[in-house]
Amino acid sequence: MTAMLAVAQPQVTWLERHYDFGVFQEKNGKVTCQLRLVNTGDAPLLIVKAQAGCGCTAVNYPEAPIQPGDTAAVSITYNPTGRPGQFTKQAIIFTNTEPKRTILEISGNVIPTDATLNKQYPLRAGALRISQGSIPLGQMVKGKNTTQFLSAYNSATDTILVHVTGDKPHLHPALVPDTVPPARVTALTVHYLSGHAPLWGLNVDTLTLTCEPLRQTSNAESGTATINVMAQVIEDFEGLTDKERLDAPVVGVGCGESLDFGTLAPGEKMTRTFTVTNKGKSPLAIRRLWAPDGEGVTVKTNRTEIKRGKSATVTVTVDTSQIKGEILNVPLTLMSNDPDSSQLTIRLVGIIDKK
């Protein structure tokens, strides 16, 4: 019988794999901890490399071999500058052992400076500081869903309760968590279902965040803030076949790129009309006609479904009492199911004679 020769192998045993820095001030700068390991094998142990989870974390380790029975330590440094709130970070340590990888973890909670708080959480709702006042979702094909979030920070020394209102068929907000301890962060998550959005084109919805103390005896300040959620809902033409494109509706606008109201008197209401004609084969659907709010413009059409070769009449009324300055220059947007010109802009132009 042949004797089996034992091969000497290093073995790593970690005395700590996690370190909690607790609560500390951002203004005090970087913090460092040491996580210890022991070579419990019978051959030299080498730390081959270390990989930090992000640029805010740095890892230092001994490069010399760690002899059997010896103890060494890996240092992990966290830079809190500009990073308020609770954090958890990881570092991967590679050794000449099996397994080769070990994951180390650090955590803590950074109390920000006033400058960081004002920069990263500029919006206030009492003691709650919010990272931004809007959630822009960009363009969304009708029927698609998306989820976005923003963060908020409890700047009080007591726990607060946070509520959100504004749930709609196409918009579902949630706060996780809704009970926020001091110097902790909560996330406002918004799930958007564009198939239920009420309008084609730009949809703007408002959510209301409310903050109140958990305990009646708390000095934490109550307050509210509004968050705008914006989505541009568009039609999906990517899946059209060549024949469907050939048979598609084609929008024609009788006034061209602008509708001229000429010279208007202050306080005057003037109406102009133009035609929208279907020059294609399939029915043309006017999805939406709109001008920006507050510009003194109202618009309506006598039909939204236009058969081949037929036209609709669009009526535009301008109220100069709502227009600042002496020049009328307002964009009117026309959305339709024409795949090549699904969104057109018609300029409403004129001069207001205030002499």
Side-chain angles (χ1 to χ4, degrees), residues 136-146 168-171 192-206 228-261 269-319 322-323 328-350:
L137 302 177
Q139 283 193 343
M140 294 186 65
V141 171
K142 188 81 166 181
K144 299 294 184 180
N145 303 331
T146 190
K168 297 178 181 178
H170 63 287
L171 179 64
Y192 199 93
L193 293 75
S194 67
H196 297 286
L199 300 172
W200 289 93
L202 181 63
N203 288 260
V204 180
D205 296 282
T206 300
N228 290 324
V229 181
M230 299 166 292
Q232 185 82 11
V233 179
I234 61 173
E235 199 156 353
D236 185 8
F237 298 110
E238 294 296 325
L240 293 181
T241 64
D242 291 342
K243 185 177 186 309
E244 286 172 329
R245 283 192 173 272
L246 187 64
D247 293 340
V250 177
V251 63
V253 179
C255 65
E257 295 182 354
S258 65
L259 184 63
D260 192 350
F261 281 76
K269 288 185 178 181
M270 182 178 288
T271 297
R272 291 281 187 268
T273 62
F274 66 91
T275 57
V276 176
T277 302
N278 182 5
K279 299 180 178 180
K281 297 179 180 180
S282 299
L284 175 70
I286 296 179
R287 300 299 192 195
R288 188 179 173 193
L289 272 165
W290 84 96
D293 292 337
E295 296 288 348
V297 175
T298 57
V299 57
K300 61 182 179 179
T301 179
N302 65 336
R303 61 172 58 91
T304 57
E305 193 81 11
I306 308 172
K307 295 181 180 179
R308 177 180 180 179
K310 301 297 182 179
S311 299
T313 299
V314 177
T315 302
V316 183
T317 300
V318 171
D319 183 355
Q322 299 182 41
I323 299 174
L328 170 67
N329 186 7
V330 177
L332 174 66
T333 302
L334 166 63
M335 292 191 71
S336 73
N337 62 337
D338 177 350
D340 294 323
S341 299
S342 61
Q343 184 166 309
L344 297 175
T345 299
I346 301 151
R347 283 280 165 186
L348 310 179
V349 297

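What you see is a predicted model, and the numbers here were worked out from it, not measured in a lab. The analysis underlying the following values was restricted to heavy atoms, covering all of them including side chains, and did not include hydrogens, waters or symmetry mates.
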- prompt: Which heavy atom in Val330 sits nearest to a heavy atom in Ala291, and how many Å separate them?
  reply: CG1-CB, 4.2 Å
- prompt: Looking only at heavy atoms, which two atoms of Asp260 and Gly350 are closest? And how far apart?
  reply: OD1-CA, 4.2 Å
message: On a heavy-atom basis, which atom in Ile286 and which in Ala312 lie closest, and how many Å separate them?
response: CD1-CB, 4.4 Å
- line: Residue set satisfying side-chain contact (heavy atoms from CB on, under 4.5 Å) with Val250, at least two apart, ordered chain then number -> Lys279, Asp338
task: Spell out, as yes or no, whether a donor-acceptor pair under 3.5 Å connects the side chain of Arg308 to the backbone of Pro249.
output: no
Close side-chain approach of Ile234 to Val141, heavy-atom, < 4.5 Å: yes
message: Could you work out, with side-chain contact (heavy atoms from CB on, under 4.5 Å) as the rule, every residue matching Ser194, not counting sequence neighbours?
response: Met140, Lys144, Tyr192, Val233
- request: Write down the atom of Phe261, the atom of Leu328, and the distance for their closest heavy-atom approach.
  value: CD1-CD2, 3.9 Å
Set of residues satisfying salt bridge (charged side-chain N to carboxylate O under 4.0 Å, His left out) with respect to Lys307, sequence neighbours excluded: none
Other residues, nucleotides, ligands: >12 heavy atoms within 6.0 Å of Asp293 CG: no
task: Name all residues meeting the side chain to side chain donor-acceptor pair (under 3.5 Å) criterion together with Asn203; count only those two or more places apart in sequence or in a different chain, and write none if there are none.
output: none
- request: Apply side-chain contact (heavy atoms from CB on, under 4.5 Å) to Arg347 and list each qualifying residue two or more places apart in sequence or on a separate chain.
  value: Ser258, Asn329, Pro331, Val349
- request: Mind checking the CD-CD1 spacing from Glu257 to Ile346? Nearest 0.5 Å is all I need.
  value: 9.5 Å
message: Would the distance check show the side chain of Lys142 and the main-chain N or O of Ala197 forming a donor-acceptor pair, the cut-off being under 3.5 Å?
response: yes
query: Got a sec, which pairs hit side chain to side chain donor-acceptor pair (under 3.5 Å) with one end in residues 234-244, sequence neighbours left out?
result: Glu235-Arg287, Thr241-Glu244, Lys243-Asp247
query: Would you say Leu284 and Asn337 make side-chain contact, with heavy atoms under 4.5 Å?
result: yes
field: Considering all heavy atoms, the nearest Ser341-Ser336 contact
entry: O-OG, 3.7 Å
task: Specify the closest pair of heavy atoms between Phe237 and Ser342, including all atoms of both residues, with the distance to one decimal.
output: CE1-CB, 3.6 Å
task: Only counting residues at least two apart or in another chain, list the ones meeting side-chain contact (heavy atoms from CB on, under 4.5 Å) with Gln343.
output: Gln232, Thr333, Met335
- line: Between the CG atom in Leu348 and the CG atom in Leu259, the distance rounded to the nearest 0.5 Å is 6.0 Å
query: How many angstroms lie between CG in Leu202 and CH2 in Trp290, if you round to the nearest 0.5 Å?
result: 6.5 Å
query: About how many Å separate CG of Leu240 and CG of Leu246, when rounded to the nearest 0.5 Å?
result: 11.5 Å
- line: CG (Asn278) and CD1 (Ile306) are apart, to the nearest 0.5 Å, by 6.5 Å
- request: Not counting sequence neighbours, which residues clear salt bridge (charged side-chain N to carboxylate O under 4.0 Å, His left out) with Arg245? List them please.
  value: Asp340
statement: By side chain to side chain donor-acceptor pair (under 3.5 Å), Thr275 pairs with (sequence neighbours left out) none
field: With Thr301 via side chain to side chain donor-acceptor pair (under 3.5 Å) - residues at least two apart
entry: none
message: Phe274 and side-chain contact (heavy atoms from CB on, under 4.5 Å): which single residue from Thr313, Thr315, Val253 fits?
response: Val253
Residues that Gln322 engages under side chain to side chain donor-acceptor pair (under 3.5 Å), provided they are two or more places apart: Asp319
